[in-house]
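Structure first, then comments.
Here the structure is a predicted model, which means the values were calculated and not measured. Residue numbering restarts at 1 for every chain, and letters A, B, ... go by the order of the sequence lines.
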Number of protein chains: 2
Amino acid sequence: MNFIIKNRLTILYGISLALLLFLLRWLELKFIIFEHSLEIYLGAIAIIFTSLGIWLALNLTKPKIKTLIIEKEIYINHETGFILNEPELARLGISKRELEVLQLMSEGLSNQEIAGQLFVSLNTIKTHSSRVFEKMDVKRRTQAIEKAKKLSIIP
Amino acid sequence: MNFIIKNRLTILYGISLALLLFLLRWLELKFIIFEHSLEIYLGAIAIIFTSLGIWLALNLTKPKIKTLIIEKEIYINHETGFILNEPELARLGISKRELEVLQLMSEGLSNQEIAGQLFVSLNTIKTHSSRVFEKMDVKRRTQAIEKAKKLSIIP
DNA sequence: ATAAAAATCACCCTAAAGTATGAAAGGTAA
DNA sequence: TTACCTTTCATACTTTAGGGTGATTTTTAT
């Protein structure tokens with residue numbers, strides 16, 4: 001069964017050829033018996049074999065494929081994946097809350113804005129930031145941000 | 001001339017067909033004069049027209065176009081290679097000196113330190129920074145640094 | 001040559017940032 | 001329980017940052 005399925009195209013071609021030969025024989029008989037003109041017979045043969053040729057060419061040759069390669073550029077920003085450098089964080093002794101304050105600082109928020117966001121007083125934020133600067137051994141928030149980014153403590 | 005070049009394929013086909021008809025006529029004459037067998041004549045016609053059919057099919061069919069879109073991923077490396085976003089810089093209207101001040105700001109320097117580094121007065125740096133904030137539409141230096149980094153104006 | 005833009009500086013004032021010190025509440029580990 | 005850390009908040013003070021205004025010099029472009 002598998003053999004038949006695999007070679008079904010070849011078998012079909014064989015059957016078609018056989019039928020074609022029968023057709024030709026029938027045309028020849030008609031030509032001989034009824035004494036029709038030679039031209040009609042020749043014309044029929046020409047048409048049939050031209051068709052055969054076209055059919056053979058279309059079905060037995062592999063289709064011509066013109067491959068058009070279009071390169072589409074996709075820009076990927078792989079800065080999204082941020083991995084917190086926890087050992088460094090532990091080494092500096094920065095607490096969770098302090099890190100939070102540091103993060104909001106790096107986003108450009110003022111102490112007052114950070115206080116509002118974390119629902120604490122301005123003084124609390126000042127204390128936190130002072131401790132962070134002390135622990136990180138920096139003098140200003142801008143320095144803290146710079147250093148923290150270099151150390152992968154903040155994104 | 002242009003007409004000939006454009007339709008050269010059609011003209012070629014016409015000439016080929018004419019030659020083919022001549023060949024057939026010649027074969028017919030040979031068949032009648034020398035009383036050769038009908039089978040050879042028919043065979044020749046069959047072969048010629050099969051070939052014609054194959055040739056026609058191969059040359060007149062349009063190739064199938066297969067479009068392959070290859071997506072090429074391009075990673076932007078923010079860490080190593082920094083490319084200054086000059087169009088954005090021009091759009092914001094930030095001058096060379098202002099950019100310098102902005103850069104030193106991002107490194108965590110105070111206005112006084114920037115003034116010392118650039119050999120100008122503190123007031124000059126204040127003017128520059130104020131202009132930068134105005135042009136960048138921010139309120140604080142930390143915001144300016146954040147935005148500038150996002151816009152690839154500073155590394 | 002002249003106008004526009006950039007860079008420089010000064011003065012005054014307010015807002016924000018940062019320092020110092022003290023203190024109280026809550027959680028955690030020895 | 002004690003000692004320690006974290007988080008919270010306050011007050012007082014100093015320093016830095018930032019806004020507004022005006023002015024001069026230098027550079028650049030038309």
Side-chain angles (χ1 to χ4, degrees), chain A residues 84-151 153-154, chain B residues 84-151 153-154:
Chain A
L84 199 148
N85 187 353
E86 284 185 66
E88 194 60 41
L89 202 69
R91 196 184 66 79
L92 295 170
I94 291 171
S95 71
K96 275 171 283 176
R97 201 58 159 174
E98 285 163 356
L99 180 64
E100 254 184 300
V101 172
L102 186 55
Q103 253 160 349
L104 293 172
M105 261 184 192
S106 78
E107 286 168 26
L109 301 198
S110 68
N111 286 341
Q112 188 63 71
E113 286 168 338
I114 295 168
Q117 195 135 345
L118 299 181
F119 302 106
V120 291
S121 80
L122 172 62
N123 286 310
T124 305
I125 300 305
K126 282 190 176 186
T127 312
H128 284 321
S129 61
S130 278
R131 281 197 197 291
V132 168
F133 301 155
E134 202 181 311
K135 285 172 179 177
M136 292 187 76
D137 192 32
V138 294
K139 288 204 189 308
R140 280 170 290 280
R141 55 173 53 216
T142 47
Q143 278 183 357
I145 293 162
E146 243 272 313
K147 200 164 182 177
K149 287 205 176 195
K150 271 189 182 168
L151 296 174
I153 287 170
I154 53 170
Chain B
L84 201 148
N85 188 353
E86 284 186 65
E88 195 58 41
L89 203 67
R91 195 185 68 78
L92 295 171
I94 291 171
S95 71
K96 275 171 284 176
R97 201 58 160 174
E98 286 163 356
L99 180 64
E100 254 184 299
V101 172
L102 186 57
Q103 255 159 349
L104 293 172
M105 259 181 193
S106 78
E107 287 168 24
L109 301 199
S110 69
N111 286 341
Q112 188 62 70
E113 286 167 338
I114 295 168
Q117 195 136 345
L118 299 181
F119 301 105
V120 290
S121 81
L122 172 62
N123 286 311
T124 304
I125 300 305
K126 282 189 175 185
T127 311
H128 283 321
S129 62
S130 277
R131 282 197 196 289
V132 168
F133 300 156
E134 203 181 309
K135 286 173 179 177
M136 293 188 76
D137 192 31
V138 294
K139 289 206 190 303
R140 282 173 287 281
R141 54 175 52 217
T142 47
Q143 278 184 356
I145 293 163
E146 244 271 314
K147 201 165 182 176
K149 288 204 174 194
K150 271 190 180 166
L151 296 173
I153 286 171
I154 53 170

Please give, in whole Å, the distance from [N] [atom2] to [X] [atom1]?
| X | N | atom1 | atom2 | answer |
| --- | --- | --- | --- | --- |
| A:I125 | D:dC9 | CD1 | P | 9 Å |
| A:E134 | C:dT21 | CD | C1' | 13 Å |
| B:L118 | C:dA7 | CG | C1' | 12 Å |
| B:I114 | D:dA17 | CD1 | C1' | 11 Å |
| A:Q143 | C:dG18 | CD | C1' | 13 Å |
| B:L122 | D:dG19 | CG | P | 14 Å |
| B:Q112 | C:dG18 | CD | P | 16 Å |
| B:L104 | D:dA17 | CG | P | 13 Å |

message: Let's test your reading of the model: under 3.5 Å, does the base of D:dC9 pair with the side chain of A:T127 as donor and acceptor?
response: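 By the distance-only test, yes, there is a pair.
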
*Any side-chain heavy-atom pair of A:E146 and A:K150 under 4.5 Å*: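 Yes, at least one pair of side-chain atoms sits under 4.5 Å.
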
request  = Kindly indicate whether the side chain of A:R141, heavy atoms from C-beta on, has any atom under 4.5 Å from the side chain of B:R140.
outcome  =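 When only atoms from C-beta onward are counted, B:R140 and A:R141 do not touch, as no gap falls below 4.5 Å.
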
Determine: side-chain N/O of [X] to OP1/OP2 of [N], distance under 4.0 Å, yes or no.
| X | N | answer |
| --- | --- | --- |
| B:S130 | D:dG19 | yes |
| B:N111 | D:dA17 | yes |
| B:H128 | C:dA7 | no |
| A:S121 | D:dA10 | yes |

Quick one: which of [options] gets closest to the side chain of [X]?
| X | options | answer |
| --- | --- | --- |
| A:R97 | D:dT7, D:dT6, D:dC9 | D:dT7 |
| A:S110 | D:dA17, C:dA16, C:dT19 | C:dA16 |
| B:R141 | D:dT7, C:dT19, D:dG18 | D:dG18 |
| B:T124 | D:dC9, D:dG19, C:dT8 | C:dT8 |
| A:E98 | D:dT7, D:dG19, D:dA10 | D:dT7 |
| A:F133 | C:dC9, C:dT19, C:dA7 | C:dT19 |

Run A:L92 and A:E88 through side-chain contact (heavy atoms from CB on, under 4.5 Å) and show every step you take. CA-CA 6 Å; A:L92 295 170; A:E88 194 60 41; 4.2 Å; yes

Students often get this wrong, so: under 4.0 angstrom with heavy atoms, is B:N123 touching a base, only sugar-phosphate, or nothing?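 Since a base atom lies under 4.0 Å of B:N123, the category is base.
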
- Query: Does the pair B:M105 and B:V132 meet the rule for a side-chain contact (heavy atoms from CB on, under 4.5 Å), with working shown?
  - Reply: CA-CA 11 Å; B:M105 259 181 193; B:V132 168; 5.8 Å; no

Is atom CZ of B:R131 surrounded by more than 12 heavy atoms (other residues, nucleotides or ligands) closer than 6.0 Å?
->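 Not more than 12 within 6.0 Å, no.
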
Counting only heavy atoms not in A:K149, do more than 12 sit closer than 6.0 Å to its NZ atom?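 More than 12 within 6.0 Å, yes.
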
inquiry  = I want to confirm an ordering. Mapping B:L109 and B:K96 to their closest nucleotides on DNA chain D, which one lands closer to the 5' end?
reply    =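 Looking at the nearest nucleotide for each, B:L109 comes out on the 5' side.
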
Review point. For DNA chain C, whose closest nucleotide is more 5', that of B:K126 or that of A:K139?
Key: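 Comparing both residues, the 5'-ward one is B:K126.
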
